[in-house]
Amino acid sequence: MIRAFTVSLAAALLAGCATLPANAPAAPIAPPAGFAGTVTAADPRAEEAGMAMLRAGGNATDAAVATMLALTVVEPQSSGIGGGGFLVRGTAAGTAESFDGREKAPAAAGPEWFSGPDGKLPAYRESVRSGLSVGVPGNVAMAARAHAKNGRLPWAKLFEPAIALARDGFRINPRLHDYLVRMPEHAGGSPVAKALFYDAAGAAHPVGHVVTNSALARTFTDIAARGPQAFYTGALAEEIATTTAAATPHDKAMTPADLADYEAQERAPVCGNYRAYRICAMGPPTSGGVAVLQILGMLERFDLSALGAENPVTWHLFLEAQRLAYADRELYLADSDFVSVPVAGLVDPSYLAQRSALIDPATTLAFAAPGKPAGAPIALADGDEPEERGTSHLAAVDAAGTMVSYTSTIEGPFGSGLMASGFYLNNELTDFSRSPEVEGRMVANRVESGKRPRSSMSPAVVWDPQGRPFLAVGAAGGSTIPVQTARSIIAAIDFGASAGEAVGMPFIMAFGDAILVEQGTWLETAIPAFEALGHSQITARAAPVKGGAILRSASGWQGARDPRIESDLILP
Ligand code: GLU
């Protein structure tokens, strides 16, 4: 029945949707009177930190940096100054820029970094819980670079809310409590972390308990006063290097010079059109922007709006586009400072049209192989990629309509479990392929000295067909991030969703040939329809997702965090 429906539908689909006019040149728009801006983040206290900057006359960059700093305090399991991130900024005049604060492997690292003395890889968790997983943190350097270029308030001002939260204390919310209970050995792995979050008997402090993190307050005060050099040189750099190196079997696994040498980069954003909307996102070393633009580009020939948001065919097409995009991602995406990544070829409309032609609305592709975009290197193999959750997406829009989309991470929950001066150190280096080669071919995302591990983070900004700022969007959730981001963009553009509806829309993703549909949503009841379209290995389970968006609707800008985490944030 369903198959008959989809086959007959195919002709209609392939007739294509009306071609919309090309994106008009952007013209500045007047901000609505009295609008100071808005912020979204995974914790309302971090949002308030950003809002305080906007009220003080700051802009979206100021607000985003203050929000990232506050998240270090109140959501220590997910992100912070011990990790890295990516920031994409889009203006009302239609310009875009992007900043790369991705962690770097220390100079001593190389392809066999994670292998034991026997040449074998230890269990994944063992790699995470060691200094081997810690990359040189990039968030402070990137925040400073983005602020120096685009900020309006004094640098020290951005630290005020975070300092107050750390110094005066913040209450443990149900979400943090749950992580502390589930991961005591990891979260409380160091004596300082244990003293912050657990009682003398080793039990996690209860929901509502006030944590005072004076070490972190001092760290912030120092960076506020002296700038990023207070992080990358001197006593703090020494502490980060020593803490990390002591937890590895290698000599000089991280040195103060690794910190002193770190530089955040400004990179060209990856931009493309979806229908008549323009999207700019982050390029390598994240796979996120390319994957989002590929998924959208392959879907453009289908009239998703006519198909509808609760039609299995819509999401079947989405799954097929994901499978093709992720096949390319696995093969080609890594740090473009080290390997040649054919970014332009991968998002080229004619290449995406070829890839899209592989999608059959009536059935699933037997095998989604990577394509050959212009500029593709040869002799690369895809690699392993472990998945974890420990990231936060935030966004800010200011009175001038400037959109900032920022994803900040320490990789897995509580990062490596190591702590320096009140913040967790990331485990970002496990985002590398721990195996340098697969079937005799070098993996693009292998560990190399000074290289940035491939990410999935996908902060993005979108302009509407008139060139007006429309959406700042992104997500946390490892390899699900580009899929969440593409889903939210589709929800907003094709289905006219609000910010909350877009990030809350039921989640569906192809992990290779296996399909995850979000438990308790209509997708679960549609499993037979997906099976009739040729999908197998479909599992309904809670989706490991956490999106965030700020969207401009007829009633103005509205921010929303993922409704799935709302109840975890309520304090007594
Ligand atoms: N470290 C991951 C990345 O950069 C994100 C991890 C997560 O969201 O849980 O892609």
Side-chain angles (χ1 to χ4, degrees), residues 41-42 68 71 75-80 82-88 98-105 124-125 127-128 133-139 142 175 179 182-183 186 267 281-292 325-326 329-330 333-335 383-394 405-417 424-434 445 447 451-460 473-486 488 503 507 509 511 542-548 561-562 564-565:
M68 178 280 286
L71 283 169
E75 204 193 23
Q77 73 274 25
S78 294
S79 68
F86 299 111
L87 185 157
V88 179
S98 65
F99 297 88
D100 168 1
R102 186 66 165 167
E103 299 90 332
K104 278 175 88 160
Y124 173 67
R125 285 243 54 96
S127 297
V128 170
S133 70
V134 181
V136 181
N139 261 331
M142 182 180 79
R175 186 171 164 76
Y179 273 102
R182 282 197 283 125
M183 307 182 73
H186 196 56
R267 310 249 181 214
M282 194 73 216
T286 185
S287 57
V290 169
V292 168
Y326 274 60
R329 169 185 180 271
E330 290 304 310
L333 266 298
D335 182 352
D384 60 338
E385 199 195 2
E387 306 303 342
E388 287 264 344
R389 300 172 64 188
T391 297
S392 234
H393 182 71
L394 62 104
S405 196
Y406 185 169
T407 314
S408 176
T409 183
I410 52 171
E411 202 335 77
F414 307 103
S416 61
Y424 284 103
L425 294 170
N426 68 85
N427 67 298
E428 220 70 50
L429 301 193
T430 52
D431 272 359
F432 280 120
S433 167
R434 290 187 306 147
N445 188 34
V447 184
K451 188 176 179 182
R452 290 160 152 89
R454 180 180 70 198
S455 170
S456 300
M457 296 189 290
S458 313
V473 64
S479 66
T480 69
I481 294 172
V483 174
Q484 290 184 65
T485 307
S488 297
V503 294
F507 185 72
M509 177 161 172
F511 292 86
V545 298
K546 189 173 104 182
R561 69 176 77 85
D562 204 307
R564 295 166 186 87
I565 65 167

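For clarity, every value in this text was computed on a predicted model and none was experimentally measured. Atoms within each ligand, like the ligands themselves, are counted from 1 in listed order. All residue numbers in this chain count up from 1 along the given sequence.
Residue contacts with ligand 1 for R102 involve side-chain atoms from C-beta outward but no N, CA, C or O (heavy atoms, distance under 4.0 Å).
Less than 4.0 angstrom separates some heavy atom of G390 from each of these atoms of ligand 1: 7 (C), 9 (O). Of all the atoms in ligand 1, the ones that sit under 4.0 Å from a non-hydrogen atom of D431 are 1 (N), 2 (C), 3 (C), 4 (O), 10 (O). Set against the non-hydrogen atoms of I481, the atoms of ligand 1 under 4.0 Å away are 8 (O). Proximity to E428 (heavy-atom distance under 4.0 Å) selects the following atoms of ligand 1: 1 (N), 2 (C), 4 (O). Using a 4.0 Å cut-off to heavy atoms of T391, the atoms of ligand 1 that qualify are 5 (C), 6 (C), 7 (C), 8 (O), 9 (O). Distances below 4.0 Å separate heavy atoms of E411 from the following atoms of ligand 1: 1 (N), 2 (C), 5 (C), 6 (C), 9 (O). The A476 neighbourhood of ligand 1 comprises atoms 8 (O), with distances under 4.0 Å to a heavy atom of that residue.
Between the side chain of R102 and the backbone N or O of E428 there is no donor-acceptor pair closer than 3.5 Å. A donor-acceptor pair is defined here as one N or O able to donate and one able to accept, closer than 3.5 Å; such a pair exists between the side chain of S405 and the backbone of V473.
By the 4.5 Å heavy-atom criterion applied to side chains, H393 and P459 are counted as neighbours.
With sequence neighbours excluded, the residues satisfying salt bridge (Lys or Arg N to Asp or Glu O under 4.0 Å) with D562 are R564.
Nearest heavy atom pair, residue Y406 against residue G85, reads CE2-CA, 4.3 Å. Residues T480 and M509 share a closest heavy-atom pair of CA-SD, 3.6 Å.
Residue contact annotation: R454 has no non-hydrogen atom under 4.0 Å from ligand 1.
A salt bridge between D335 and K451 is absent, with no side-chain N of the basic residue lying under 4.0 Å from a carboxylate O of the acidic one.
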